[in-house]
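Side-chain atoms are counted along with the backbone in the values below, which use heavy atoms only and exclude waters and symmetry mates. Lettering follows sequence order; numbering is per chain, from 1.
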Amino acid sequence: MKTEEALPKNYDFKISEEKWRKSWEDNKLFEFSYNKGDKLFVVDTPPPYVSADHLHAGHIMSYAQAEFIVRYKRMQGFNVFYPMGFDDNGLPTERFVEKKYKINKAKITKKEFIDLCLKETEKGIETYKNLWNKLGISVDWSKTYSTIAPLPTKVSQWSLIDLYKKGALYRQELPILWCPTCGTAISQSDMEDKEKTSKMNYISFPISNGESVIIATTRPELLPACVALYFNPEDERYKELINKKAVVPLFNHEINFKTSKEVDKEKGTGLMMVCTWGDQEDLEKWRLDNLETKSLLTPDGKLNELGGKYQGLTIEKAREEIINDLQKQGLLIRQEDIIHSVNVHERCDTPVELILSKQWFIKIADLKDKWLEMGKKINWHPKHMYQAYEIWINSLKWDWCVSRQRYYGVPFPFWYCKECGEIIIPEEKDLPVSPTEQKPKISKCPKCGSTEFIPETDVMDTWATSSCTPFLLKELANNEDLFPVDLRPNAHEIIRTWDFYSIVKSVYHFNEVPFKNIMVSGHGLDEQGKKISKRLGNYVPSDKLVEEWGADAIRYWATGAGLGQNLRFNPIEIKKGKQITTKLWNVAKFIAMNMEDFDTNKEYTLEPSDVWILNELDETIKKATEYFDSYQYAKAKNEIEEFFMSKLADYYIEFIKYRLYGDNKSSKGAAQYTLNCIFIDTLKMFAPILPFITEEIYSIIFKKQKSIHISKWPTTKETKTDLDISDFKEAISAIDEVRKYKSENQISLGAELKEYKLNTKVDLNKYGEFIEKAIRVKKINC
RNA sequence: GGGCGAUUAGCUCAAUUGGUAGAGCACUUCGUUUACACCGAAGGGGUUAGAGGUUCGAGUCCUCUAUCGCCCACCA
């Protein structure tokens, strides 16, 4: 071995990381090619929204954490399929473009808008690709997909058609969740809670006997759509009202009183106004009691003709004017300021409305048991994340509305017969189709013979396309064995969307769960513990981070949180990552300097310290392997680091210096042999976390294979020896004692003591010479 | 209101199935040693959020309380 000159004094991560990125790419190291019988490990990694122009430590964290596992599995001999995709269609991208270009929808054509989306999509993909490359994310870039491209479009359309044929997809006119700002139907999972300040209005309703009742509401603008008043049948205050009628103030239509046990006597005035529709409660009463339908809102969130003099006003404006008018007529009894949480559309913060509309739905709400049962078949890492899934399933109230009245997305593959409304479906071989640009292949409606067809203009919910990824991957590599996938890594906020919808689809299509394992990562937090967000601007852009610290150091930081846990951004931890790489470098240098005369072919007689460190190594390999196998990269890192820093660097190297520098050839050889063994395995164990420095050192010192990342993960070896080193710990304690003595007496560790009397009990016949030489004492006594 | 997770040294976090509370950073005192000053050694620092319970023994198990984060419900 001749390596000394090859290791410069300092490690330059900028040069080295760039070099290996290029080398891995040139050598196609991570490209997937499959031979029947290979152990597969297929990763269905989240296709990020390309609209993210604000990549930060949180993104680095979650993708790096999944990648630790991927690199580990690759070294374990799995044939890894790890493609990356981009989720580039749908509302997130549209909203991003609207905001970025301050789009006025009246002044832009659909085509211009879509072109802008495409342009931003391209840019976004480049930004991500660049970051993943810099970070050393080992994806197979030859198998990239984007959700709007022909193949994913085809798969998404096939999926809908299959669901339709199986009766799981239906089109119906129903009260649905609607976002007035985005002008589209949305689904339950697109909503989130938001605290809003509002006013509770106490409004007087005249009743037929000349008296009046008071109802409390935050939404007086719904008065024109008020269809009934409810009270609890046991509420003595209102019992007599049951046969009376009330008159809706300002609008003067008569409504009935009804009872329901679900009305809470304590809430408001105990009288509940039901409008079609203000909230879930209204909807249920409407369904249950067959109430009249009074559709009040237009798609852009204004009152329609039912609003009378308030027609054309926005919800907020109508609320304001109705309150004014009620006040003028003395019908507004009082107002209270309140803070309540409102369901808003997560993409734009607009309160969600319920309107009557014809949409496409996938049946999910009535099959909760099935989704729960299927969810249990998946290994959730960490386990309690299943509960997040369970809670969501149990809260399902709506079928999944998959149609969106938007532009930039995968089109629904349907036409309708103009005469009879028959749904015309293309054949699978003709997919993908764009109904607005193409005519159906058939010339006549099979039902009525009409020759005119109307295209469906809706596009799919963004999740309707991304939920296909588990079975898109097999199409991407044209290989049926790739389904179901082995690992789905993602953040916890998309359990209810990406994970759940993926399960729904795979169960419908193949009666099988789409993935065997889910690993859920937490959020990146800023140094104060706040969630990193674009709005707060509390982050350093990810590319700057990598530039400043290097990929290995940032990746090291990403090991700091266990699965599902949030992780604070912490420069000290990144620094520590850098420190580890420096330490690895220096140890490598030390080894290179002392390996010149090492003959790998000789047999060596191991000494106690050699056996000790080899046993420690075995123990570390065992634990690190167990931890990686259970997705606990954080614990694995701790074990490896502890071994490397505290056992190898702090002790073993000090233990053997006298042998390496001395004249005893066979003793030196044994130390060289041991050092060689333990260092290569240490490097390998660090490789999934610190891919660059380990590759650099491996390439210089060991050179066995073209890359450490395709070398075999270390296994335990059971060192063969006649030595009993069960008391070796005592020798270490003795060394510690001398170290402490030297430190307390301000003697340098290098200075040789003439004599030292140990307090520690240790077998000096066995370890005396070793202790004397390792800690530099001429004569040691007990 | 319900659920999940958390609460351990000044800070960030560890602690297998219950068995003497540990590390890093920071702090203090030393030390330039032929891998490393992008360094090394040693030291101080704790009523494990609080209260009760089970146990020979509790950071760990149970109950309650407090605080933080997240999810769900709540729009009368």
Answer with yes or no whether Lys583(A) presents, from its side chain, a donor or acceptor under 3.5 Å of a partner atom in the base of C36(B). yes

Knowing that exactly one of Gln335(A), Arg219(A), Arg319(A), Arg334(A) qualifies, which makes a side-chain hydrogen bond (donor to acceptor under 3.5 Å, both in side chains) with Asn201(A)? Gln335(A)

If you assign each of Asn586(A) and Tyr202(A) to its closest nucleotide in RNA chain B, which residue comes earlier from the 5' end? Asn586(A)

Taking atom C1' of C71(B) as reference, at what distance in whole Å does atom CD1 of Ile495(A) sit? 10 Å

According to the interplanar angle, ranging from 0 to 90°, do the rings of Phe655(A) and Phe770(A) count as parallel (below 30°), tilted (30 to 60°) or perpendicular (above 60°)? perpendicular

Start with the C-alpha distance between Arg659(A) and Ser609(A), add both sets of side-chain angles, then the distance that settles side-chain hydrogen bond (donor to acceptor under 3.5 Å, both in side chains), and finish with yes or no. CA-CA 11 Å; Arg659(A) 290 159 64 192; Ser609(A) 58; 3.2 Å; yes

Is Arg219(A) close enough to C75(B) that one of its side-chain N or O atoms is under 4.0 Å from OP1 or OP2 there? no

What is the separation between atom NZ on Lys531(A) and atom P on G5(B), rounded to the nearest whole Å? 20 Å

I'd like to compare against my own output: the B/S/- annotation of nucleotides 24-33 of chain B with a strict under-4.0 Å heavy-atom distance to protein. SS----SS-B

Send over the distance from Phe643(A) CZ to A23(B) C1', rounded to a whole Å. 18 Å

Would you tabulate the nitrogen or oxygen pairs shorter than 3.5 Å linking the protein to nucleotides 16-21 of chain B?
none

Compare side-chain N and O positions of Gln565(A) against OP1 and OP2 of U7(B) and report whether any pair is under 4.0 Å apart. no

Starting at the 5' end of RNA chain B and moving along, which residue's nearest nucleotide shows up first, Phe590(A) or Lys740(A)? Phe590(A)

